[in-house]
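Structure first, then comments.
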Number of protein chains: 2
Amino acid sequence: MIPSQLLKGTLEGCVLAVIRQAPAYGYEIAQKLAAYGFGQIAEGTIYPLLLRLERSGAVRPELRPSALGPSRKYYALTEGGERALEEFIASYSELGRAVDRLLADTKKEEQP
Amino acid sequence: MIPSQLLKGTLEGCVLAVIRQAPAYGYEIAQKLAAYGFGQIAEGTIYPLLLRLERSGAVRPELRPSALGPSRKYYALTEGGERALEEFIASYSELGRAVDRLLADTKKEEQP
DNA sequence: CTGACTACATTGTATCACAAAGTAGCCCCC
DNA sequence: GGGGGCTACTTTGTGATACAATGTAGTCAG
């Protein structure tokens, strides 16, 4: 299990990445994230996040009726969303490199 | 610059890692993190974090006078802190693998 | 017509990074 | 000897965000 604090900030970029693969709706995004190994993301997390992305102009919603169940709200990435995704990837790898350097030094001290 | 939301949760584990290398005090930890590429961590971040770790039993404080400036509060890792660090490393790499899988799939769609 | 599954929305809560302000010791330099 | 600068810790308040809980509503199987 990944603690929720570690997901903070990461989740937003990952949702953008999923949407970039193909326009998707909330319920579907949560399932895809679970399949990628993020664990079961709560609905109370995914829908407010999508509304924030919509309000910030990173995604554009489009309602489509569903054959089974209620209508789905598909989200597509905008140009602003593309930029936000690129920035997320850059920040995340910068952080990853810093953590890797730190942990490499931390392990070395074990076996002198 | 790494956005502060991405640091959430990560910072706690990284502070444990720094302390594991050698007992350290707040001001020193912030400087080491900056050297590793985390950016300048605010004092309003580092000291409350250390107090939380102290209260949770992950670190043990020890006051030592300083030759230049006020006394320093050195923190050493406890057994509980070692376990917390191991759990952080496991969670962080689990998250990293999930993000890597997702981003790998996301890029592939670009060049069919 | 009851239950199960899909699908979206809203409200409230806990956690955490950070800014800001305060306190205090030591040093250098004019 | 007093002001400026650096070290060092503490406290208070704020904003962002993951999540639990709850509610609404559509479809379909039995």
Side-chain angles (χ1 to χ4, degrees), chain A residues 1-16 23-34 38-56 58-59 61-75 84 88 91 95 98-99, chain B residues 1-16 23-34 38-56 58-59 61-75 84 88 91-92 95 98:
Chain A
M1 249 289 292
I2 299 174
S4 73
Q5 289 301 325
L6 262 190
L7 284 177
K8 291 236 173 130
T10 309
L11 216 51
E12 181 180 315
C14 293
V15 166
L16 288 175
Y25 54 100
Y27 203 82
E28 181 188 10
I29 293 171
Q31 289 177 322
K32 284 198 178 180
L33 288 177
F38 288 90
Q40 193 56 54
I41 306 299
E43 304 191 10
T45 299
I46 214 80
Y47 292 113
L49 197 165
L50 286 169
L51 287 179
R52 285 200 303 272
L53 290 176
E54 180 182 340
R55 275 196 280 269
S56 78
V59 298
E62 182 191 349
L63 271 176
R64 294 190 214 165
S66 164
L68 72 167
S71 281
R72 294 165 176 171
K73 202 168 169 186
Y74 281 80
Y75 290 95
F88 162 73
S91 298
L95 174 61
V99 173
Chain B
M1 248 288 293
I2 299 174
S4 71
Q5 288 300 328
L6 261 190
L7 284 177
K8 291 241 171 124
T10 310
L11 215 51
E12 181 179 314
C14 292
V15 166
L16 288 175
Y25 54 100
Y27 203 83
E28 179 188 11
I29 293 171
Q31 290 177 322
K32 285 198 177 179
L33 288 176
F38 289 89
Q40 193 56 53
I41 307 298
E43 304 192 8
T45 299
I46 213 78
Y47 292 113
L49 197 166
L50 287 168
L51 286 178
R52 285 200 303 272
L53 290 176
E54 180 182 340
R55 276 196 281 267
S56 77
V59 298
E62 181 191 349
L63 272 176
R64 294 188 216 165
S66 163
L68 72 166
S71 281
R72 293 165 176 171
K73 202 166 166 185
Y74 280 80
Y75 289 95
F88 162 72
S91 298
Y92 188 82
L95 174 61

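Chain naming here is simple, since letters A, B, ... match the order of the sequence lines and numbering starts at 1 in each.
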Look at the side chain of K8(A) against the base of dT15(C) and say whether a donor-acceptor pair falls under 3.5 Å; ignore hydrogens and angles. yes

Measure distances between side-chain N and O atoms of E43(A) and base N and O atoms of dC8(C), and say whether any donor-acceptor pair falls under 3.5 Å. yes

Nearest whole angstrom, please: distance from the [atom2] of [N] to the [atom1] of [X].
| X | N | atom1 | atom2 | result |
| --- | --- | --- | --- | --- |
| L11(B) | dC16(C) | CG | P | 11 Å |
| Q5(B) | dC19(D) | CD | C1' | 15 Å |
| I29(B) | dA8(D) | CD1 | C1' | 12 Å |
| L63(A) | dC8(C) | CG | P | 9 Å |
| L49(A) | dT10(C) | CG | C1' | 15 Å |
| L6(A) | dA17(C) | CG | P | 10 Å |
| R52(B) | dT10(D) | CZ | P | 14 Å |
| I46(A) | dT6(C) | CD1 | C1' | 16 Å |

According to a strict under-4.0 Å criterion, is [X] in side-chain N/O contact with OP1 or OP2 of [N]?
| X | N | value |
| --- | --- | --- |
| R72(B) | dC9(D) | no |
| Y47(A) | dA9(C) | no |
| R64(A) | dC8(C) | no |
| Y25(A) | dC8(C) | no |

Residue pair T10(A) / L6(A): nearest heavy atoms and the distance that separates them: OG1-O, 3.5 Å

For the student: nearest non-hydrogen atoms of Y27(B) and Y47(B), plus distance: N-OH, 3.4 Å

Shortest side-chain distance from [X], nucleotide among [options]:
| X | options | result |
| --- | --- | --- |
| T45(B) | dT17(D), dC19(D), dC18(C) | dC18(C) |
| A42(B) | dT10(D), dC8(C), dA19(C) | dA19(C) |
| Y27(B) | dA19(C), dC19(D), dT7(D) | dT7(D) |

Closest-nucleotide ordering on DNA chain D, the 5'-leading residue of T10(A) and L51(B): L51(B)

Qualifying residues under side-chain contact (heavy atoms from CB on, under 4.5 Å), relative to A84(A), sequence neighbours excluded: L16(A)

By salt bridge (Lys or Arg N to Asp or Glu O under 4.0 Å), E54(A) pairs with (sequence neighbours left out) K73(A)

From Q40(B) CD over to I46(B) CD1, what is the distance, rounded to the nearest 0.5 angstrom? 9.5 Å

I want to confirm an ordering. Mapping P70(B) and G26(A) to their closest nucleotides on DNA chain C, which one lands closer to the 5' end? G26(A)

Regarding L50(A), tell me which of base, sugar-phosphate or nothing describes its non-hydrogen contacts under 4.0 Å with the strands shown. nothing

